[in-house]
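Worksheet for the structure shown next.
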Protein chains: 2
Amino acid sequence: MDTSQLLKGVLDLAVLAVLKDEDGYGYDVLRRLRHGGMDEVGDASVYGTLRRLYRAGYLTSYVVPSDEGPHRKYYGMNDAGRERLVESEKAWRAFAETLDGILRKGAAA
Amino acid sequence: MDTSQLLKGVLDLAVLAVLKDEDGYGYDVLRRLRHGGMDEVGDASVYGTLRRLYRAGYLTSYVVPSDEGPHRKYYGMNDAGRERLVESEKAWRAFAETLDGILRKGAAA
DNA sequence: CGCGGTAGTGCGCAATGCGCAATAGTGTCC
DNA sequence: GGACACTATTGCGCATTGCGCACTACCGCG
């Protein structure tokens, strides 16, 4: 099974959710998602999503040098991001409910 | 909001679900989905999905001329399709649960 | 010094939903 | 009879987005 297509349009939401309470850098966000059950999510996808969300104005960004490795690019939420999270979550729940409805009733009118 | 990305990888599932109990032709499948709440699904997407599923061996197909309009291309499930439906549904539920989990706990360990 | 883990960027690909145009049959309204 | 709307399908090209892979780079360990 290829779950990668299921991620489309939802990875944004997952990344925002994971950054809601605490800023994080790419590699860390990746770990949070994997730890949250999204085992197969690719690193490039997460980095790309973070960049995309940042470009779109949903995230703030600052670089922090690290003593024990390469620099880390932290991302944090701003108001637009928080709003986006709420809306995306709403859209997700509505969509999931719609699909569940279709799965339940099949072709029935 | 753009829900089109949420559809990715799930339209297959929805189409299979809608064909589970009763054969249907493209335009009709489209109506079933719209009626089921997927208001914004595009016609080309449904036709494309049906062709794709047929090519992949999950559906049977037969053409029926109609008295009141152009011919209709009916699609029906075969065993592979039914199996695929079950698996996709399982994958969907697992995925939805995973995402819900991430949404609930945010960055929390 | 090489290797593995950490951390990020860039490139090109593949999948898939969508808009739009074209074709085509039927019925309706003027 | 002609314009239009609804039904029904196909094909084309586009945009989005997740992914694999390669590359850079920093650190500590053996």
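The sequence lines fix the lettering, A, B, ..., with proteins before strands; numbering per chain opens at 1.
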Starting at [atom1] of [X] and ending at [atom2] of [N], how long is that distance when rounded to a whole Å?
X     : N      : atom1 : atom2 : value
A/D43 : C/dT9  : CG    : C1'   : 11 Å
A/F95 : C/dG17 : CZ    : P     : 10 Å
B/D12 : C/dT16 : CG    : P     : 6 Å
A/R31 : C/dT6  : CZ    : C1'   : 8 Å
A/Q5  : C/dC13 : CD    : P     : 18 Å
A/K8  : C/dA15 : NZ    : P     : 10 Å
A/R34 : C/dG5  : CZ    : P     : 13 Å

Legend entry - Residues A/D28, A/R32; criterion salt bridge (charged side-chain N to carboxylate O under 4.0 Å, His left out); working and verdict: CA-CA 6 Å; A/D28 186 41; A/R32 293 186 194 172; 3.0 Å; yes
I want to check something: taking the side chain as every heavy atom from C-beta on, are [X] and [Y] in contact at a cut-off of under 4.5 Å?
X     : Y     : result
A/Y62 : A/K73 : no
A/Y27 : A/Y47 : yes
B/Y58 : B/D12 : no
B/Y75 : B/L19 : yes
A/W92 : B/L99 : yes

Legend entry - Matching residue for A/L30 among A/V46, A/V15, A/V18, A/L50 - test: side chain to side chain contact (heavy atoms under 4.5 Å, CB included):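 When A/V46, A/V15, A/V18, A/L50 are each tested with A/L30, the side chain to side chain contact (heavy atoms under 4.5 Å, CB included) holds only for A/V46.
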Legend entry - Start and end of the DNA chain D segment that chain A contacts, any atom under 4.0 Å from a heavy atom: D/dT17 to D/dC27
Legend entry - End axis versus end axis in the helix from C/dC1-D/dG30 to C/dC30-D/dG1, the angle rounded to 10°, five pairs used at each terminus: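 End-to-end axis angle for the helix from C/dC1-D/dG30 to C/dC30-D/dG1: 10°, rounded to 10°.
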Inset, instruction - Output yes when A/E97 and A/R93 qualify as a salt bridge under the 4.0 Å nitrogen-oxygen rule, no when they do not. - result: no
Inset, instruction - Using only heavy-atom distances, determine whether the side chains of A/S4 and A/E40 contain a donor-acceptor pair under 3.5 Å. - result: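 Looking only at side-chain atoms, A/E40 and A/S4 do not form any donor-acceptor pair under 3.5 Å.
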Legend entry - Closest non-hydrogen atom pair between A/A91 and B/L6, with its separation: O-CD1, 4.1 Å
Inset, instruction - Mind listing the closest non-hydrogen atom pair of B/M77 and B/K20 along with its distance? - result: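 So the two residues come closest at CG-CA, 4.0 Å.
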Inset, instruction - Within residues 45-73 of chain A, find the residues that approach DNA chain C with a heavy atom at under 4.0 Å, and present them sorted by residue number. - result: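 Per residue number, the list reads A/Y47, A/R51, A/P70, A/H71, A/R72, A/K73.
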